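See structure below.
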Amino acid sequence: MSKYDPLTHHLAARNEARIAMRFDEIERLLGFALPRSARLHRPWWANSGHGHVQAKGWLNAGYQSQEVDLEAERLEFVRLNRLDDVPAGLPAKGNHPLWGLFAGQVWVQPGYDLTEPADPNWGAAES
């Protein structure tokens, strides 16, 4: 459990492509003040879940931070992998256009054992 879970739940419950928020809105949602570094250093808002618990919150909700304005104390959370952003001609399956690209293109004949080597002599010592 993370102290940023309220932000995660708030974003996960939304379906907008872009969610603009002010720092004070985020603080009210969280129930505590953001650290000083959130107001002074743009990297605090980086979209790296490695070592940044706050970023894991919005990334786990399916959003990334963008348009961080430290002076105005606001930013936008932008939904990741929106299916309506898929270029024409690509299938809209999964969370990303490449997932499911070959869906329905590959099939296995019923009764075929995928664990059986294609070459029955594979692994046999050569004589």
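The residues of the chain are indexed from 1 along the displayed sequence. This one's a predicted model, so the numbers in the text were calculated from it and none came from an experiment.
Remark: R42 engages no residue in a salt bridge (charged side-chain N to carboxylate O under 4.0 Å, His left out) (not counting sequence neighbours).
In terms of heavy-atom proximity, A12 sits nearest to A61 at N-CB, 3.7 Å. In this structure, A38 and L70 approach most closely via the heavy-atom pair O-CD2, 3.4 Å. Closest of all the heavy-atom pairs between L75 and S65 is CD1-CB, 3.7 Å. Residues A55 and A46 come closest through the heavy atom pair CB-O, 3.4 Å.
Side-chain heavy atoms closer than 4.5 Å link hydrophobic residues (I, L, V, M, F, W, Y) into clusters, and following such links, possibly through other members, connects F32 to L7.
Test R22, K3, R39 against E27 for salt bridge (Lys or Arg N to Asp or Glu O under 4.0 Å) and you get one pass: R39. Each of Q64, R18, Q66 was scored for a side-chain hydrogen bond (donor to acceptor under 3.5 Å, both in side chains) with E76, with one residue passing: R18.
Annotation: ring-ring contact (aromatic ring centres under 6.0 Å, His included) contacts involving residues 62-81, sequence neighbours excluded, comprise W58-F77. Residues in residues 46-69 take part in these salt bridge (Lys or Arg N to Asp or Glu O under 4.0 Å) pairs, two or more places apart or across chains: D69-R74.
Side-chain contact between W44 and L34 is present, with at least one heavy-atom pair separated by less than 4.5 Å. M21 is listed as a side-chain neighbour of I19, based on a closest heavy-atom distance under 4.5 Å. The shortest distance between side-chain heavy atoms of H10 and I26 does not fall below 4.5 Å. Using a 4.5 Å heavy-atom threshold, the side chains of L59 and L80 count as touching.
If you take OH on Y4 and NE2 on H52, they are separated by 11.0 Å, rounding to the nearest 0.5 Å. Atom CG of L29 is separated from atom NE2 of H9 by 10.0 Å, given to the nearest 0.5 angstrom.
With R28 contributing its side chain and F23 its backbone, the two residues share no donor-acceptor pair below 3.5 Å. Between the D5 side chain and the S2 main chain, a donor and an acceptor come within less than 3.5 Å of each other.
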